[in-house]
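Working notes, structure below.
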Amino acid sequence: MPLTLEALTVLDAIDRRGSFARAAEELGRAPSSLTYTVQQIEAELDVLLFDRSGHRARFTPAGRLLLDEGRALLGAAQALENRAREVAGGWELRFTLALEGILPLAPLLPVLDAFYRTGRTTEIKLRHEVLAGSWDALASGCADLAIAGGDAPAGAGIRTRALGSVEFVFCVAPQHPLARLERPLGQADLAAHRAVVIADTARNLPLRSAGWLQQQARLTVADLPSKLAAQQAGLGVGSLPRWLAEPEVAAGRLVRCAWAGGNPRETLHLAWRSGESGRALEWFVRALTRPGVFEGVIDAG
């Protein structure tokens with residue numbers, strides 16, 4: 001097999017340095033050995049890689065094709081070497097973070113940028129989950145780290161670190177009947193009105209529900225943007241995270257209603273499986289627990 005990585009490295013060096021002699025100097029080899037390598041490739045493939053008719057050898061079209069495609073192979077080989085070294089050094093090949101669906105993606109972007117600037121080759125995957133979905137993804141091995149609301153499932157072998165809480169405010173469309181009430185709402189006020197809820201994404205754990213009464217009609221949607229749009233359209237009522245609701249109320253697209261007993265809160269945790277180790281896991285646990293990462297979204301303490 002003449003097309004070894006070593007042979008492709010020779011062709012790459014000849015092209016970059018402009019001559020066999022300079023390429024041999026870079027590679028620490030004799031020019032004659034490079035000439036022999038090229039002749040071997042030409043003989044085995046039965047193609048000419050260089051046009052030697054002029055004063056200086058130039059790549060033929062076949063030689064240029066071999067060089068261009070060969071560089072892709074050299075790049076892939078180098079990337080493979082780097083990834084192997086990283087895995088041997090304790091860095092995960094792939095790392096999945098499950099994000100509770102009531103959180104925006106924006107606070108995570110600077111964290112991801114900081115990780116990529118470390119030069120690590122770990123492939124990162126983000127997944128959005130709702131209610132018990134983050135715990136489920138973690139317990140089932142579909143995620144390595146999760147930002148999850150509520151309590152961890154008992155006996156799942158999960159470690160947690162509290163991040164703080166998210167405040168929810170009750171909102172309706174300006175045209176909704178509840179928008180005209182001038183007193184705090186109670187459960188009796190909600191019973192006759194449809195609630196907009198987000199479906200729990202858990203697959204194995206018991207499903208959770210939040211933000212609606214058993215006797216209420218429901219419109220179930222897949223995610224937070226869909227819930228917001230449905231409530232703005234007057235299709236139902238419900239609570240929204242304060243970070244999302246406040247701009248919509250200020251813009252007049254929603255009306256905030258006082259809730260008897262005060263606004264509910266959801267405690268969020270950073271969670272991972274006990275006994276798991278990995279340098280990407282350690283890196284993200286440190287990064288996501290630094291003060292200010294979720295400023296304006298999660299209230300600390």
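Along the sequence shown, residues are numbered consecutively beginning with 1.
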(request) Check for a donor-acceptor pair, side chain of R203 on one end and backbone N or O of A137 on the other, with a separation under 3.5 Å. (result)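 Looks like no, no N/O pair under 3.5 Å.
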With a 4.5 Å heavy-atom cut-off, do [X] and [Y] have their side chains touching?
X	Y	value
L178	V255	no
W259	L190	yes
L281	L145	yes
T4	Q40	no
V38	F20	yes

Verify same cluster id: [X], [Y] (apolar side-chain graph, 4.5 Å):
X	Y	result
L181	V237	yes
L27	Y36	no
F59	L66	yes
L48	L11	no
I41	L74	yes

Can you confirm whether the side chains of [X] and [Y] place a donor and an acceptor under 3.5 Å from each other?
X	Y	answer
T9	D12	no
R127	T201	no
N82	Q78	yes

(message) I need the L138 CG to I158 CD1 distance, nearest 0.5 Å.
(response)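 It comes to 4.5 Å.
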(message) Taking ring-ring contact (aromatic ring centres under 6.0 Å, His included) as the definition, give me every residue that meets it alongside F95, ordered by chain and number, with sequence neighbours left out.
(response)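 Partners of F95 by the ring-ring contact (aromatic ring centres under 6.0 Å, His included) criterion, ordered by chain and then number, come out as F284.
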Output yes when [X] and [Y] qualify as a salt bridge under the 4.0 Å nitrogen-oxygen rule, no when they do not.
X	Y	result
E282	R120	no
R85	E81	yes
R64	D15	yes

